[in-house]
Amino acid sequence: MTEYLTSVLRPILADLGAPDDFVPAFETPGNPEHGDLATNAALQLAKPLRRAPRQIADAIAAKLRETADPDRIAAVEVAGPGFLNIRFSDRYLAAALRDLRSHGDGYGRTDAHAGQTALVEFVSANPTGPLTVGHGRNAVLGDTVASLLEAVGYAVTREYYFNDAGRQMRILGQSVRARYDALVNPAMPTKDVSGNLVPETFPDDGYLGGYIEDIARSLYDAHGDALAASDDETPFKQAAQAAIFQDIEGTMRRLGVKMDTYFNEHTLYQQPDTGEKAPIYQVVDTLNERGYIAERDGAVWLLTSKTGKVGKDGEPVDTVLVKSSGEPTYRLPDIAYHVNKLNRGFDLALDVFGADHIATYPDVLLGLDLLGYDSKKVDVLVYQFVTLVRGGEQVKMSTRKANYVTLDELMDDVGVDVTRYFFLMRSPGTHLEFDLDLAKEASDKNPVFYLQYAHARICSILRKAEETGLVLSSDADLSLLTHPSEIDLTKALLHFPQTVARAAEQREPHLVAGYLREVASAFSQVYRDSRIVGEEKNLAEARLALADATRIVLGNGLRLLGLNAPEKM
RNA sequence: GUGCCCGUAGCUCAGUGGAUUAGAGCGGCUGACUACGGAUCAGCAGGUCGGAGGUUCGAAUCCUUCCGGGCACGCCA
């Protein structure tokens, strides 16, 4: 509809002398008295045209009434300082509703990004422990934003980036080894780490979670004490990594998250078969050729100061890429990884991560620009932390210290749909306070059930209607839908595609969650006001069609969010 | 100290620079089942939109500043 209006307005605005590049903005007013669509075009044009906004609005409105198709536009009004309020005609609503139903499962999808590709990188937890409630926000957000991008036309790849070679993995291996040693030698002395009794050989910064003992136990069951003799910790590390990854994958599967690709950070350090340098050193070489590298104190520096970067004291600062020990810092593989992403030809590379990583990506973007890549293709979805509240007190989550609630435990307690919806119902930018006791207690009051209930109820009505001989028809006389609540519902249903599009562009799934609640609520009101079964045939068919359209929107919306759309509850 | 995010009803949160009245859920109170699913619906109470300035015809929204909370600022990942 906005497209239609834009096209009708173009000649009108041109006649008035509006700048060529002026595009009127439309919005759906919150107050229904202000029409179905409103534009502030006249106010915006007041300055360039040097005329009173109200006067411009009157002129536009007069012409619009002449030229607009009465089958679509019922009324154009000028209000307030110069708003144009536009009302849709009943015939337009009927036609749009028919169109909606003909799209079926595809309703809500648009093609603004058809032909484009996107890489969404998310979760990306290193295999040091089970996925926690903290990871849950990342996983659900990333997966759902990926789905939203698909809905606006992107071909999306979901990718998991991990590192199984670093210091943390070494400590993980040592942690397993210590637990294993204690099984081999039950008399081994113990010590205290962070209030936990652990074997003497346990690293002070080791992983304290119970899963470490499980892994050690299974190694002991399989190999007895055969591994104790060697100092090599590789078998422990590998066993831990395999077991933990299996666990993580199981959790994601349960959550409904399916990765397309896994990217191992380690490959960025390896020389490719072609004999070229490893990707990270290619990055260093190219930056060097371009004059952005210096060696100082035995380390390799990226001259970020040349681009105006300043430190905490306002002094220009550079960034270390390779330490004097010869080890790269984490920034270097980060840059190389994003080079890899763009080399794979993605039009959009979206990273999903928590607020604690916010500082890392300016360097990545800068590095890409200096290398001649278009860093605008890289976008970041930063979400705020999940703070966990248990027994009325905040729990500081740490995988290492085993202060966490796993996603699996959460799903055990409240189910998958509630878990997903919980992470989706709030804006990514706000801190999410997670009260475990409340989550369990209130799980059957969770809004997700409200949406699912509405969907199931409609399905039930459709079943009932079929029993009484009513059939869903594509050419029901929709002009019979005249009750205000029916019209409100119809208009709400028509907002679905634009809501999805906006949620995708802004990477904000909560917009869809909130929208679905409005639809469910609007339907409940229709349910209160107008019956279907038992009404005169034509009226019943029209109402049945509206119910079916609502089922389509709720169903598509729920599935888009990765939630079940049950036909019965 | 510097940067980023957040501060809206008792609680958890929506809110697109726009038009009398800032919305929803939960919680509280009051009503509605001879009904296609009551896991619902209707109503009431509850707000100096953290404070103060500024821009604008108009500010929860934009700018400045202060207060409160989170996060980040490393030859850690």
Side-chain angles (χ1 to χ4, degrees), chain A residues 25-31 33-34 38 40 43-44 46 52-54 79-83 85 126 128 163 166-169 265 296-301 310-314 317-331 333-334 354-360 362 382-385 387 425-435 438 442 444-447 449-454 456-465 467-468 470 485 498 502 506 508 510-511 513-515 517-518 520-521 523-525 527-535 540 543-544 547 568-569:
Chain A
F26 293 96
E27 63 159 21
T28 304
N31 185 343
E33 283 175 28
H34 302 147
N40 60 355
L43 286 97
Q44 302 230 311
R54 185 91 203 186
F83 288 97
N85 294 333
N126 288 338
T128 58
N163 181 12
R167 189 181 108 87
Q168 291 308 317
M169 293 303 291
E265 178 181 333
R296 265 203 317 261
D297 312 323
V300 176
W301 296 75
V310 292
K312 43 182 119 177
D313 49 6
V317 290
D318 296 325
T319 305
V320 174
L321 292 183
V322 184
K323 297 185 252 178
S324 52
S325 65
E327 267 183 305
T329 64
Y330 67 94
R331 273 167 229 266
D334 273 354
D356 56 338
H357 284 71
I358 186 109
T360 78
V382 176
Y383 59 89
Q384 296 299 313
F385 270 11
T387 53
M425 62 197 282
R426 295 192 180 105
S427 155
T430 60
H431 299 277
L432 201 160
E433 185 173 294
F434 196 113
D435 189 321
L438 204 70
D444 58 336
K445 291 177 192 155
N446 189 294
F449 290 115
Y450 181 78
L451 310 183
Q452 294 179 324
Y453 177 74
R457 191 190 229 178
I458 293 169
C459 291
S460 168
I461 292 170
L462 294 175
R463 285 192 297 268
K464 187 87 173 189
E467 283 169 22
T468 62
L470 272 173
S485 60
Q498 70 205 49
R502 194 165 149 238
Q506 297 182 210
E508 293 192 326
H510 77 283
L511 296 176
Y515 165 79
R517 174 162 237 298
E518 281 175 32
S521 169
F523 175 75
S524 292
Q525 290 166 45
Y527 178 84
R528 173 199 64 203
D529 292 333
S530 52
R531 294 180 56 84
I532 297 173
V533 175
E535 294 289 343
R543 289 177 175 173
L544 200 59
K568 288 180 185 174
M569 291 175 72

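First the proteins, then the strands, lettered A, B, ... as listed; each starts at 1.
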Close N or O pairs between protein and nucleotides 15-18 of chain B (under 3.5 Å):
unit_1	atom_1	unit_2	atom_2	d
B:rG15	OP1	A:His510	NE2	3.1
B:rG18	N7	A:Asn40	ND2	3.3

For the side chain of [X], starting at C-beta, report the closest nucleotide among [options].
{"X": "A:Phe385", "options": "B:rA77, B:rU40, B:rC71", "answer": "B:rC71"}
{"X": "A:Tyr453", "options": "B:rA19, B:rU40, B:rC36", "answer": "B:rU40"}
{"X": "A:Asp297", "options": "B:rC36, B:rC75, B:rA42", "answer": "B:rC75"}

Close N/O contacts between protein and nucleotides 25-33 of chain B (under 3.5 Å):
unit_1	atom_1	unit_2	atom_2	d
B:rG27	OP1	A:Lys445	NZ	3.2

Considering residues at least two apart in sequence or located in another chain, which fulfil the side-chain contact (heavy atoms from CB on, under 4.5 Å) criterion with A:Met169?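 Here the qualifying residues are A:Pro127, A:Thr128, A:Asp164, A:Leu172, A:Lys237, A:Gln241.
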
Tabulate protein N/O versus nucleotide N/O from nucleotides 4-12 of chain B, keeping only pairs under 3.5 Å, one per line.
unit_1	atom_1	unit_2	atom_2	d
B:rC5	O2'	A:Gln384	NE2	3.2
B:rC5	O2'	A:Gly429	O	3.1
B:rU12	O2'	A:Arg426	NE	3.1
B:rU12	O2'	A:Arg426	NH2	2.2

If you assign each of A:Asn163 and A:Arg531 to its closest nucleotide in RNA chain B, which residue comes earlier from the 5' end? A:Arg531

Who are the salt bridge (charged side-chain N to carboxylate O under 4.0 Å, His left out) partners of [X], not counting sequence neighbours?
{"X": "A:Arg331", "answer": "A:Asp363"}
{"X": "A:Arg167", "answer": "A:Asp205"}
{"X": "A:Glu327", "answer": "A:Lys323"}
{"X": "A:Asp334", "answer": "none"}

A:Tyr515: what forms a ring-ring contact (aromatic ring centres under 6.0 Å, His included) with it, not counting sequence neighbours?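 So A:Tyr515 forms a ring-ring contact (aromatic ring centres under 6.0 Å, His included) with A:Phe496.
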
By side chain to side chain donor-acceptor pair (under 3.5 Å), which residues pair with A:Arg502, not counting sequence neighbours? A:Gln506

Which residues share a side chain to side chain donor-acceptor pair (under 3.5 Å) with A:Arg543, sequence neighbours left out: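 If we apply the side chain to side chain donor-acceptor pair (under 3.5 Å) test to A:Arg543, skipping adjacent residues, the hits are A:Glu486.
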
Establish, with yes or no, whether the OP1 or OP2 oxygen of B:rA39 is under 4.0 angstrom from a side-chain nitrogen or oxygen of A:Lys568. no

Is there a side-chain polar atom (N or O) of A:Arg528 under 4.0 Å from OP1 or OP2 of B:rA42? yes

Starting at the 5' end of RNA chain B, write a dot or bracket for each base, bracketing those in Watson-Crick or G-U wobble pairs whose two distances are under 3.5 Å and using | for partners on another strand. (((((((..((((.........)))).(((((.......))))).....(((((.......))))))))))))....

Any N or O donor-acceptor pair under 3.5 Å from the base of B:rA77 to the side chain of A:Tyr330? yes

